[in-house]
Chemist: 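Pasting a structure below so you can have a look.
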Protein chains: 2
Amino acid sequence: MTKASPSHQAATAWARLMRVSRQLVEKAEDALKEAGLPPLAWYDVLHELAETGEGGLRPFELIDRVLLAQYGVSRLLGRLEADGLVEKLPASDDGRGQIVRITSAGRDMRRRIWGVYGASIAGLMDEKLSAEELEALAALLGRLRHPPIG
Amino acid sequence: MTKASPSHQAATAWARLMRVSRQLVEKAEDALKEAGLPPLAWYDVLHELAETGEGGLRPFELIDRVLLAQYGVSRLLGRLEADGLVEKLPASDDGRGQIVRITSAGRDMRRRIWGVYGASIAGLMDEKLSAEELEALAALLGRLRHPPIG
DNA sequence: TCTATATAAATGCAAATGCATCGATATGGA
DNA sequence: TCCATATCGATGCATTTGCATTTATATAGA
């Protein structure tokens with residue numbers, strides 16, 4: 001049976017996690033907006049597709065990677081396609097589906113976003129914590145992941 | 001001048017922070033939905049108002065506490081008022097403003113949400129990390145806060 | 001083979017959010 | 001006092017999200 005009430009330490013850590021993650025996302029989004037660039041979600045998708053390469057990805061494979069609902073992926077890909085950043089090809093082995101590939105305009109956009117986004121991350125993380133502390137933070141967060149890794 | 005590019009450690013910690021915080025929020029929101037309860041944002045406001053007590057708060061004071069935009073607070077308070085969970089009184093010393101107070105129905109609702117939310121936090125945090133680890137996590141996150149405390 | 005069920009992706013509609021602005025009151029000089 | 005400016009809160013409008021459903025294809029079992 002699961003505990004009904006969190007410890008003081010859990011409640012405090014939870015509150016910090018909620019507040020800090022939202023603050024940092026907001027900072028990063030603000031920086032993109034100020035630079036006239038699209039939101040973080042666009043970067044996430046472009047990043048996944050860029051890493052995958054020419055083979056592309058099926059839309060349903062993006063759901064877990066970018067933590068969007070199925071309809072969210074469907075609509076985001078629609079916008080990316082409308083902007084010429086990705087292209088959709090029919091999936092040769094599955095008549096229901098498609099393959100989504102990043103275009104060269106998409107790669108350019110990814111790089112442009114990274115220029116701003118990466119600088120935000122540096123300012124928000126590297127300026128606040130040492131490399132060792134960042135590793136410790138990543139390790140602790142890793143243990144909260146779902147599903148559990150170990 | 002601010003660094004243009006984040007360290008590997010910063011990028012990793014950032015990615016974990018983004019992913020884990022979203023996963024955990026989603027879990028907690030799902031639990032509330034399944035219980036037929038309103039979203040976390042409602043809890044945040046009810047919690048602030050409950051802690052403040054009979055004096056209530058001005059809407060603009062909620063902006064920083066719950067990390068919502070001004071119009072977000074305005075509309076959320078509208079919904080809470082429509083549900084009888086808060087009441088708005090004219091601010092005696094400022095003709096532009098109001099005082100928002102939690103009602104007893106609001107206190108009840110806060111307790112009901114906490115029953116589910118607290119259990120989620122316990123399951124997501126206490127079951128994964130020890131009290132010492134939770135304290136370490138909170139401390140590291142605290143250093144990322146904006147604005148910096150020290 | 002035929003049928004029932006499952007999966008992939010899109011979409012209509014309602015609700016929520018973001019952006020800009022507005023109306024009202026307050027405040028700080030000239 | 002009067003005016004320019006700032007602040008408080010609400011809201012019209014466009015965009016985005018959430019939910020439920022739809023269409024199309026695939027798969028498993030009788």
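The figures that follow rest on heavy atoms only: side chains count, while hydrogens, waters and symmetry mates do not.
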Chemist: Table please: side-chain donor-acceptor pairs of residues 70-91 of chain A below 3.5 Å, with sequence neighbours left out.
Modeler:
unit_1, atom_1, unit_2, atom_2, d
A/Glu87, OE2, A/Arg101, NE, 3.4
A/Glu87, OE2, A/Arg101, NH2, 3.0

Chemist: B/Ala35: what forms a side-chain contact (heavy atoms from CB on, under 4.5 Å) with it, not counting sequence neighbours?
Modeler: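 With sequence neighbours excluded, B/Ala35 shows a side-chain contact (heavy atoms from CB on, under 4.5 Å) to B/Leu37, B/Val116, given in chain and number order.
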Chemist: Ignoring backbone atoms, test whether B/Lys88 places a side-chain nitrogen or oxygen under 4.0 Å from the OP1 or OP2 oxygen of D/dA10.
Modeler: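 Yes, B/Lys88 has a side-chain N/O under 4.0 Å of OP1/OP2 on D/dA10.
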Chemist: Can you tell whether the side chains of A/Arg65 and A/Asp44 come within less than 4.0 Å, N to carboxylate O?
Modeler: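 No, A/Arg65 and A/Asp44 are not salt-bridged.
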Chemist: Are the side chain of B/Arg19 and the backbone of B/Arg16 linked by a donor-acceptor contact shorter than 3.5 Å?
Modeler: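 Judged by distance alone, no pair lies under 3.5 Å.
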Chemist: Just N and O in the side chain of A/Arg79: are any of them under 4.0 Å from OP1 or OP2 of C/dA10?
Modeler: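 For C/dA10, OP1/OP2 do not have a side-chain N/O of A/Arg79 under 4.0 Å.
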Chemist: Take A/Lys33 and A/Phe60, find for each the nucleotide of DNA chain C with the closest heavy atom, and name the residue whose nucleotide sits nearer the 5' end.
Modeler: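 First, find each residue's nearest nucleotide; the 5'-ward one identifies A/Phe60.
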Chemist: Could you give the CG-to-P distance, from B/Leu80 to C/dA15, as a whole number of Å?
Modeler: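 Whole-Å distance recorded here is 17 Å.
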Chemist: Pick the closest DNA chain D nucleotide for A/Ala69 and for A/Asp93 by heavy atoms, then say which residue is nearer the 5' end.
Modeler: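 Nearest nucleotide further toward 5': that of A/Ala69.
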Chemist: Using atom CD of A/Glu26 as one end and atom C1' of C/dC19 as the other, report the distance to the nearest whole Å.
Modeler: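 So the CD-C1' distance, A/Glu26 to C/dC19, works out to 14 Å.
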Chemist: On DNA chain C, check which nucleotide each of A/Glu61 and B/Asp94 is closest to and give me the residue with the more 5' one.
Modeler: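 So the residue in question is A/Glu61.
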Chemist: Once you apply a heavy-atom cut-off of 4.0 Å, does B/Gln98 come out as touching a base, just sugar-phosphate, or nothing?
Modeler: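 The residue B/Gln98 makes sugar-phosphate contact but no base contact.
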Chemist: Any side-chain N or O of A/Ser74 less than 4.0 Å from the OP1 or OP2 oxygen of C/dA10?
Modeler: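 Yes, because at least one side-chain N or O of A/Ser74 sits under 4.0 Å from OP1 or OP2 of C/dA10.
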Chemist: Between C/dA10 atom P and A/Arg58 atom CZ, what is the distance in whole Å?
Modeler: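 So the CZ-P distance, A/Arg58 to C/dA10, works out to 11 Å.
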Chemist: A/Arg96 side chain: which of C/dC19, D/dA26, D/dC8 is closest?
Modeler: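 Ranking C/dC19, D/dA26, D/dC8 by closest atom to the A/Arg96 side chain puts D/dA26 first.
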Chemist: Examine distances only and state if a side-chain atom of B/Glu133 and a backbone atom of B/Ser130 form a donor-acceptor pair shorter than 3.5 Å.
Modeler: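 Answer holds: yes.
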Chemist: If I take atom OH in residue A/Tyr71 and atom P in nucleotide D/dT21, what distance separates them, rounded to the nearest angstrom?
Modeler: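 In whole Å, D/dT21 P and A/Tyr71 OH are 14 Å from each other.
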Chemist: Rounded to whole angstroms, how far apart are CD on A/Glu81 and C1' on C/dA10?
Modeler: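 In whole Å, C/dA10 C1' lies 12 Å from A/Glu81 CD.
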Chemist: Find the distance B/Leu32:CG to D/dG18:P and express it as a whole number of Å.
Modeler: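 B/Leu32 atom CG is separated from D/dG18 atom P by 15 Å.
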Chemist: Taking atom P of D/dT11 as reference, at what distance in whole Å does atom CZ of B/Arg75 sit?
Modeler: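 Computing the B/Arg75:CZ to D/dT11:P distance gives 9 Å.
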Chemist: Rounded to the nearest Å, what distance is computed from the CG atom of residue B/Asp64 to the P atom of nucleotide D/dC8?
Modeler: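 The distance from CG of B/Asp64 to P of D/dC8 comes to 10 Å, rounded to the nearest Å.
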Chemist: Between the base of C/dA8 and the side chain of A/Gln70, is there any donor-acceptor pair under 3.5 Å?
Modeler: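 No pair found.
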